[in-house]
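Here is the naming used below: chain letters follow the sequence lines, and residue numbers restart at 1 for every chain. For the numbers below, each heavy atom of this structure counts, side chains included, while hydrogens, waters and symmetry mates do not.
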Protein chains: 2
Amino acid sequence: METRELRYFVAVAEELHFGRAAQRLGIAQPPLSRAIHQLERRLGASLLERTSRTVTLTEAGSVLLQEARAALDAVEAAERRTRRAALAATGRPGVVLATKAGASSELVAKLLDAYAAEPDAVTVDLLLCGIGEQERLLRDGRADVALLHLPFDSASGFDTEELRAEGQVVVLPAGHPLTGRTQVRMAEVTELPDLPLPRWPGPDGAYPEGPGPRARDHAQLLQLIALGRACWIAPESCRAQLSEDLAAVPVLDAPMVTTVIAWPPQSRSRAVAGLVRAATRH
Amino acid sequence: METRELRYFVAVAEELHFGRAAQRLGIAQPPLSRAIHQLERRLGASLLERTSRTVTLTEAGSVLLQEARAALDAVEAAERRTRRAALAATGRPGVVLATKAGASSELVAKLLDAYAAEPDAVTVDLLLCGIGEQERLLRDGRADVALLHLPFDSASGFDTEELRAEGQVVVLPAGHPLTGRTQVRMAEVTELPDLPLPRWPGPDGAYPEGPGPRARDHAQLLQLIALGRACWIAPESCRAQLSEDLAAVPVLDAPMVTTVIAWPPQSRSRAVAGLVRAATRH
DNA sequence: GGGCAGCGATACCTGGCGGGTATCGATCCC
DNA sequence: GGGATCGATACCCGCCAGGTATCGCTGCCC
């Protein structure tokens, strides 16, 4: 199988429409139809169920969709990492660290300082990203190493080293009745009718159904809380970033949040190894 | 990048010889030279250092070699898993479990029994393999799930669940002086001049340098021990498979051996999930 | 219910590129 | 210094990816 065929199939499987998929790929529809047919013939499997009005994935098709995405990420990673290696050999070497926008900057700062003290430290480029984006970046080679927050992110498929475990707090508008408490339980928070948890756009950009207001980023979220329209459950370390019109109360039975440093399996990069060493040495 | 280019590059990088690589690929040498040149031009990186007598990998080249192998495995896995999914939809569904030849059969038997009791259990095909082979099988889709033994195998890049941890024993010919002991230390074993540890062929088929006799498989190894030409350090559970002319003594300070069940990250196979459930329910 | 619009499949053509043979040029070795 | 070895170059050919035109089917709507 050639990556071209995989790219073609992914486009059709995602669009479920040959015309749009062809447009997205920058080719005409007939060659696309033919390519998919060839792919099906060679695999000896029907991937798509097409009536002349609608296209759906078969069981084998959805397996291939998932596997093809992973394979294409691996190919892209190969290309990017090779380019970066060539660049590092001639020009300035560097390593890309992916971290969540709005996550604790204190931990990152410490890590960067510790790494900078290493004898063979190279430039660290920070890549701030949205929720769940880091795994993709690590997989397709745009990042070399990432800070993940379990259980929000998934470290599945990466090598990891645990850096910190912390409890969570509920962030409330200053002056809210719960603010006086030294601790609360999850049930008390989720059942606040006046302060629902806000909704985040998923990986596809759509908001889940629900009562909460919508927030697109961190700043909007904090604004919503300050305005008394929402509350939020977040790792303890976010307290450092709260302004005066917000308050935080520990949530006793919220799941622990573990910060880990993650890197692609079998990474032989000296820079990644150095960062991990610096991070774990604390 | 197309997988064809990656395959070509891997062949040249492994052979370090355009002629042999071309032969291995079943094409002539000139098109191979040209393909590698094109790849280098498109990546904007020099991958191979060639004099007219010798070919060596550049820094970028060895990065690409590693990444390309992973990417090609992913592509192969996509192809195989799709084929299997199509087969499962029409014919008999099944799941492939990779396990070490010569490993504890008791644990495997228990696992298979427990899984067979699951409501939607499918056929489990066993794939017995040599040391370190399982990771490859899991990565390129020939296996769906595997039993690994840490720290001998590496579970890096897979999702795992721990099944058992055990100590190790030294296997000796019956009647050897140490046989009378209830336990020994590593130092006592490694410094037996008359009973060296045997050498295993590495992944490339070559034997490492050293004093020990060579063994190609399990049976040869046990034979060597029975003949008083070697001793061996192995997980406790191997005792069940020892014949009468062999004896085992616990090694106090040998590293613990952990048996884990491992599967490719984000596997959505119901069968794999069922096997893992059966394994962890113990 | 018939006409129309939308969509995938088919037919057919063209150009580029992957692959082959012949040969060159450099380097090492006897 | 001459031959052997090996990668690069030159040149040619055939196949296949991609384009255009068109068909056939199926909802949908007046």
Handout entry: Interatomic distance where CD belongs to B/Q29 and P belongs to D/dT9 [whole Å]
Key = 11 Å

Exercise for the section: List in chain and number order the residues that pass side chain to side chain donor-acceptor pair (under 3.5 Å) with A/T51, two or more places apart in sequence or in another chain; answer none if no residue qualifies. Expected result: none

Exercise for the section: May I have the distance from B/E40 (atom CD) to D/dG7 (atom P), rounded to whole angstrom? Expected result: 13 Å

Problem - Distance test, side-chain N/O of B/Q38 to OP1/OP2 of C/dG18, below 4.0 Å - result: yes

Under 3.5 Å, which N/O atoms of the protein pair with N/O atoms of nucleotides 26-30 of chain D?
residue, atom, partner, partner atom, Å
D/dT26, O4', A/S52, OG, 2.9

Practice task
Under 4.0 Å from any atom of DNA chain D, heavy atoms only: list the residues of residues 2-26 of chain A that qualify, in numerical order.
Solution key: A/R4, A/Y8, A/G26

Between the protein and nucleotides 11-15 of chain C, which nitrogen or oxygen pairs come in under 3.5 angstrom?
none

Problem - Length of the CD-P vector between B/E49 and D/dA8, whole Å - result: 12 Å

Practice task
Check side-chain contact (heavy atoms from CB on, under 4.5 Å) between A/E2 and all other residues, then give those that pass, not counting sequence neighbours.
Solution key: A/E5, B/E2, B/T3, B/R4, B/R7

Completion exercise
The side chain to side chain donor-acceptor pair (under 3.5 Å) partners of A/R41 (sequence neighbours excluded) come to none

Completion exercise
With sequence neighbours left out, the residues meeting ring pair (Phe, Tyr, Trp, His ring centres under 6.0 Å) with A/H17 are none

Practice task
Could you check how far CD1 of A/I36 sits from C1' of C/dC7, rounded to whole Å?
Solution key: 15 Å

Exercise for the section: Give a yes or no on whether the backbone of A/L224 and the side-chain of A/R229 come within a donor-acceptor separation of less than 3.5 Å. Expected result: no

Completion exercise
Residues passing the side chain to side chain donor-acceptor pair (under 3.5 Å) test with A/E76, sequence neighbours excluded, are A/R80

Practice task
Identify, with sequence neighbours excluded, every residue that meets side-chain contact (heavy atoms from CB on, under 4.5 Å) alongside A/P93.
Solution key: A/A88, A/V122

Problem - Within residues 24-37 of chain B or reaching into it, pairs that qualify as salt bridge (Lys or Arg N to Asp or Glu O under 4.0 Å) - sequence neighbours excluded - result: B/E14-B/R24, B/E15-B/R24

Practice task
Give the rounded distance in Å between these two atoms: CD1 of B/I27 and P of D/dC15.
Solution key: 18 Å

Practice task
Go through the structure and list residues passing side chain to side chain donor-acceptor pair (under 3.5 Å) with B/R142, not counting sequence neighbours.
Solution key: B/D140

Problem - Rounded distance in Å - CG (A/L32) to P (D/dA17) - result: 13 Å

Problem - Donor-acceptor contact below 3.5 Å, side chain B/E40 vs main chain B/L48 - result: yes

Fill in the blank from the handout: side-chain contact (heavy atoms from CB on, under 4.5 Å) filter on B/A262, not counting sequence neighbours, yields B/L138, B/L148, B/F158, B/T160

